[in-house]
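Read the structure below first, then the notes.
Reckoned from all heavy atoms, side chains included, excluding hydrogens, waters and symmetry mates. Residue numbers begin at 1 in each chain, while the letters A, B, ... track the order of the sequences.
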Amino acid sequence: MKAVYNHKEIEKKWHDIWEEHPVNVDDGKKEKYYCLDMFPYPSGSGLHVGHWRGYVISDVWSRYKLMQGYYLIHPMGWDAFGLPAENYAIKMGIHPAITTAENIANIKRQMKQIAAIYDWDREVNTTDPDFYKWTQWIFVQMFKNGLAYEKEMPINWCPNCKTGLANEEVVNGKCERCGAEVTKKNLKQWMLKITAYADRLLEDLKTLDWPEKVIKMQTEWIGRSYGAEIEFPIEGTDRKITVYTTRPDTLYGATFMVLAPEYEGASQLATPDHQKEVDDYIYQTSMKSSVDRLQDKEKTGVFTGSYAINPLNNEKVPIWLADYVLADYGTGAIMCVPAHDDRDFEFAKKFDLPIIQVISPDGKENENLEEAYIGTGIVINSGEWNGRNSDELKKSAPDEIEQRGIGKKKTNYKLRDWVFSRQRYWGEPIPIVHCPDCGCVPVPEEELPLLLPEVEKYEPTGTGESPLAAIEDWVNTTCPVCGKPARRETNTMPQWAGSSWYFLRYVDPHNKEKLVDREKADKYLPVDMYIGGVEHAVLHLLYSRFYTKFLKDINVLDFDEPFTKLFNQGMITGKNGIKMSKSKGNVVSPDDLVRDYGCDSLRMYELFVGPPELDSEWDERGIDGVYRFLSRFYNLANTSLEANVAPTLEMIKLRHKLIRDITRRLESFSLNTVISGFMEYNNKLNDMAKTTGGIDRETMESFIRLLAPFAPHVAEEMWQAYGHEESVFDPKFGWPEYDEALCKDDEIEIGVQVNGKVRATILVPVDADQESALAKAKEALGDKLSGSIVKEIYVPGRIVNIVVK
RNA sequence: GCAGGUGUGGCGGAAUGGCAGACGCAUCAGACUCAAAAUCUGACGAGGGCAACCUUGUGUGGGUUCAAGUCCCACCACCUGCACCA
């Protein structure tokens, strides 16, 4: 009798059993394994097949670890503050908390279809006051430690979202969220001093088992460089301008100086006959959007009429303003060495400024430099430095400059402090009170959480004020220190605030007293494996690292890095590689597929579409293939159980090879070839069963266990059919083991080549010696072998190649 | 411009320097069926040959090697990130 694979019945059955009898239990003895998914934003459109893949990958890995005997931390939660819910509230007048709750319910329903082994008791939600109490608490600690500060400055402003943005949220001059062109706006902002951690954030990257790409992106984002700050006196005054350079070795070649147009006091440097031009230029620059400024390839600039003195040779150098110099990097002023810097060269050519070569590859001066020479060489035209090696001088120049008292050594970073306030409603209120006498005072810890108040209008004001500013009875409060009337801070935190630490809360989600109990933190953290998309390579992953380091410094935790290993799964796209989105109408929902093919089939197909780290186009026709495989396997397992055959040597060998291949591929995260491996071995076993009537119990049971992380329902069903009372995931069964010696075949088919071209195949013992292998090869070749033999190559188990002339 | 990734049949994709195209989808043929679906069996890169076979073939052009999808050099195309950071 043929058993029919009924996925609906099987999946319903095991769904219920798992609910009642969880297999992932902490007995206090097992080692922990923390496998984390990047928690989702509960969007209204629900999960699509692309989200599914990430969750399937992490669940497969988790279940594998579970079977190996670990106690799993495999939680899920909601990154629920953010713009879509707020925008929906503005449009429909429905409170974001209501839409958020609805969306969470829907996505949670979809997630249960994945049958991932999440521990829902650990669920967190960033908009839950019990959670954001601690988000606010961390902010207060940062404030107390001088890492959160208020500053008025021009920040990135999205005119569409009507809020300020962090540097990390601006992509090619556009808003990371909505794509609108980002402008500058002068606003008083809360900042987090992430730059204080720049060195540690950079150095500790070396300790991480992360994709090289992400390490590189963070390294570049932090952008550390070594150089010197050098002081140039301004001619005819007692003022000085400090420049930053990474090339102090070229100081003799500095023929002019350029300041950013925003440089403080730039206008005052203009001599009367240049004043109008200078002020016009400053004004024009201030009118440019960051996109325009990025796209202007042609250099512009204006001469101030003033001169600075090169402190090394006392030469006069003209001071210019140009927008290719950034105001917020270094000192906002640079010394220009046109002979050895592309940008300075271009500028000097355009405005006819002198060019002095100070480094030469051969020690000779090139009369007609056609481009800047960036390389190293012998120092020339540099007084007492002449004749030195430029590389060596580059290293010692900062010290020499410091000794002469004209400057000092300096390390700079591209990383900027984190603009942390948002002028929007749906976020954590920043727990600060502004007191006319005491200044900024944090809300006392026992008063946290500072609840987000209800408002009538969610609409952002656009003025730089948060909608919270309109709620008079919330804004007006008293100073926690002196008791006098004071006003609350009305800005909210960015969405990144909650996601920067949520993974810590999972290990102690209900703690009322602490962010996380220290003992639990020590026991269950850090995260061993973090799985998610690459879009957070700098944003979330950098912020989380910063938070973790800070929490270590204030003794909440005892580790430096939150995520030991990181895996970036590729995106599942629609046809032609187009990103799935509601507006494009190409979103594929998993719901129908689960109904028609079952969870196990979809899980396996999600992995089968391609290598997990690469993007894949979704083509659902292929799911038939895995469904057929599962049906065949189900069948084979059932017939084999009935047939109850004794193992043959062939079966035993196949079993060991199966375990070896699947385990190796799984270990190397080649999940697509794990699935094809299952199919391949299933075909082989099926062929074998045609003559034997079935496959032996041990082989089938091994197969079932290997399949369990991938197709947990079918595996449980078959495991039970094979007479086991406990779950296939019960750690007492463990992960199947193999014996390398039993994976070897006695005989093997190898190719026989003549001059590198395959002309025949022969069956030889694996360890056949050269003589017998060659004899057999020649026999197989027959008259295809002609001419005189030049060379004979035999690689045991691989190939025979005979070279003839 | 700089850095990284990718490029293999009609399609998704396999290949520790050793028989390219595993596995799957689609397609075609056959079996079963009154018929269809499902299932099973077989064929399936291109060109040639009645045939066993031959030629050719992994983005392009060179090179190393007995042997290259794989290693080296130089290009091309697409994707991603960074982009005046001095």
Side-chain angles (χ1 to χ4, degrees), chain A residues 2 4 171-173 211-214 216-217 219-221 223-225 227 243-248 250 254 258 293-297 299 322-326 328-337 340-344 346-347 412-416 534-535 537-538 570-571 573 577 604-605 608-611 613-626 628-629 631-632 635 664-665 670 672-683 686 690 749-762 784 790-804:
Chain A
K2 248 190 171 180
V4 178
V171 180
N172 290 327
E212 220 162 295
K213 179 184 177 166
V214 179
K216 214 161 228 168
M217 280 169 76
T219 305
E220 280 170 16
W221 192 262
R224 181 165 66 187
S225 66
V243 302
Y244 172 71
T245 180
T246 56
R247 296 296 305 274
T250 63
V258 176
R293 199 164 159 177
L294 278 172
Q295 277 169 352
D296 282 346
K297 293 282 180 233
K299 296 261 181 300
D323 68 1
Y324 80 91
V325 174
L326 304 176
D328 59 350
Y329 180 77
T331 61
I334 60 168
M335 65 173 215
C336 297
V337 185
H340 305 291
D341 181 277
D342 287 326
R343 296 150 302 184
D344 298 346
E346 194 189 327
F347 195 81
N412 255 328
Y413 303 88
K414 291 185 192 174
L415 184 71
R416 313 290 148 93
V534 76
E535 65 272 18
V538 276
M571 209 176 21
T573 67
M604 293 188 83
Y605 185 59
F608 189 55
V609 287
E613 69 279 9
L614 299 182
D615 293 352
S616 297
E617 261 180 48
W618 184 259
D619 179 357
E620 75 185 43
R621 281 176 305 185
I623 195 172
D624 285 307
V626 289
R628 282 176 198 144
F629 155 74
S631 307
R632 286 178 202 146
N635 233 305
R664 278 188 188 166
R665 292 173 190 189
S670 178
N672 54 326
T673 61
V674 169
I675 308 299
S676 58
F678 282 139
M679 293 173 170
E680 209 176 330
Y681 279 96
N682 189 50
N683 291 346
N686 252 321
K690 273 177 201 158
E749 197 182 58
I750 63 172
V752 178
Q753 301 179 327
V754 178
N755 289 346
K757 280 179 185 156
V758 180
R759 285 293 121 104
T761 57
I762 51 170
K784 281 177 201 157
V790 180
K791 197 170 185 179
E792 291 169 331
I793 289 128
Y794 168 58
V795 183
R798 297 248 179 246
I799 204 93
V800 171
N801 190 10
I802 298 172
V803 186
V804 297

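- Remark: P of B:C25 and CE of A:Met604 are 13 Å apart, rounded to the nearest angstrom.
- As judged by a 4.0 angstrom heavy-atom cut-off over every strand, A:Asn755 is placed among residues making no nucleic acid contact.
- The side chain of A:Arg628 places no N or O atom within less than 4.0 Å of a non-bridging phosphate oxygen (OP1 or OP2) of B:G24.
- Under the Watson-Crick and G-U wobble criteria, each requiring two contacts below 3.5 Å, nucleotide B:C2 is paired to B:G81.
- Nucleotides B:U27 and B:C75 place their C1' atoms 37 Å apart, quoted to the nearest Å.
- Within the 4.0 angstrom heavy-atom criterion, base atoms lie near A:Thr761.
- At least one side-chain nitrogen or oxygen of A:Asn672 sits closer than 4.0 Å to the OP1 or OP2 atom of B:A14.
- The shortest distance between the side-chain N/O atoms of A:Arg759 and the OP1/OP2 oxygens of B:C53 is not below 4.0 Å.
- Side chain of A:Asn412 to backbone of A:Ser225: no donor-acceptor contact under 3.5 angstrom is found.
- Regarding A:Glu680, its CD atom lies at a distance of 6 Å from the P atom of B:C23, rounded to whole Å.
- Regarding contacts with the backbone of B:C82, every side-chain N or O of A:Lys414 stays at 4.0 angstrom or more from both OP1 and OP2.
- Rounded to a whole Å, the CG atom of A:Asn635 is 10 Å from the C1' atom of B:U39.
- For B:U27, the paired base is B:A43 (Watson-Crick or G-U wobble, both distances below 3.5 Å).
- Within 4.0 Å (heavy atoms only), A:Val626 reaches no atom of the nucleic acid at all.
- The pair A:Asp328-A:Arg416 meets the salt-bridge criterion, with a side-chain N (NZ, NE, NH1 or NH2) lying under 4.0 Å from an Asp/Glu carboxylate O.
- Residue A:Glu212 is out of contact with every strand shown, counting any heavy-atom pair closer than 4.0 Å.
- A donor-acceptor distance shorter than 3.5 angstrom exists from the side chain of A:Asn755 to the backbone of A:Val804, with no hydrogens or angles considered.
- Within the structure, every side-chain polar atom (N or O) of A:Arg665 is placed at least 4.0 Å from both OP1 and OP2 of B:A14.
- Of the candidates B:C82, B:G13, B:C23, the closest approach to any side-chain atom of A:Phe608 belongs to B:C23.
- Regarding contacts with the backbone of B:C19, every side-chain N or O of A:Asn801 stays at 4.0 angstrom or more from both OP1 and OP2.
- Classification of B:G30 as anti follows from a glycosidic angle more than 90° from 0.
- Using a 4.0 Å cut-off, some side-chain N or O of A:Tyr329 falls inside it from OP1 or OP2 of B:A86.
- Put simply, A:Ser631 has no side-chain N or O that comes within less than 4.0 Å of OP1 or OP2 on B:U39.
- Remark on RNA chain B: of its neighbouring residues A:Lys213 and A:Arg416, the 5'-side contact belongs to A:Lys213, judged by nearest-heavy-atom nucleotide.
- Among B:A3, B:A14, B:A86, the nucleotide with an atom closest to any side-chain atom of A:Lys216 is B:A3.
- The partner of B:A14 cannot be assigned: no Watson-Crick or G-U wobble pair with both contacts below 3.5 Å exists in any strand.
- Between A:Glu346 and A:Tyr324 there is no side-chain heavy-atom pair separated by less than 4.5 Å.
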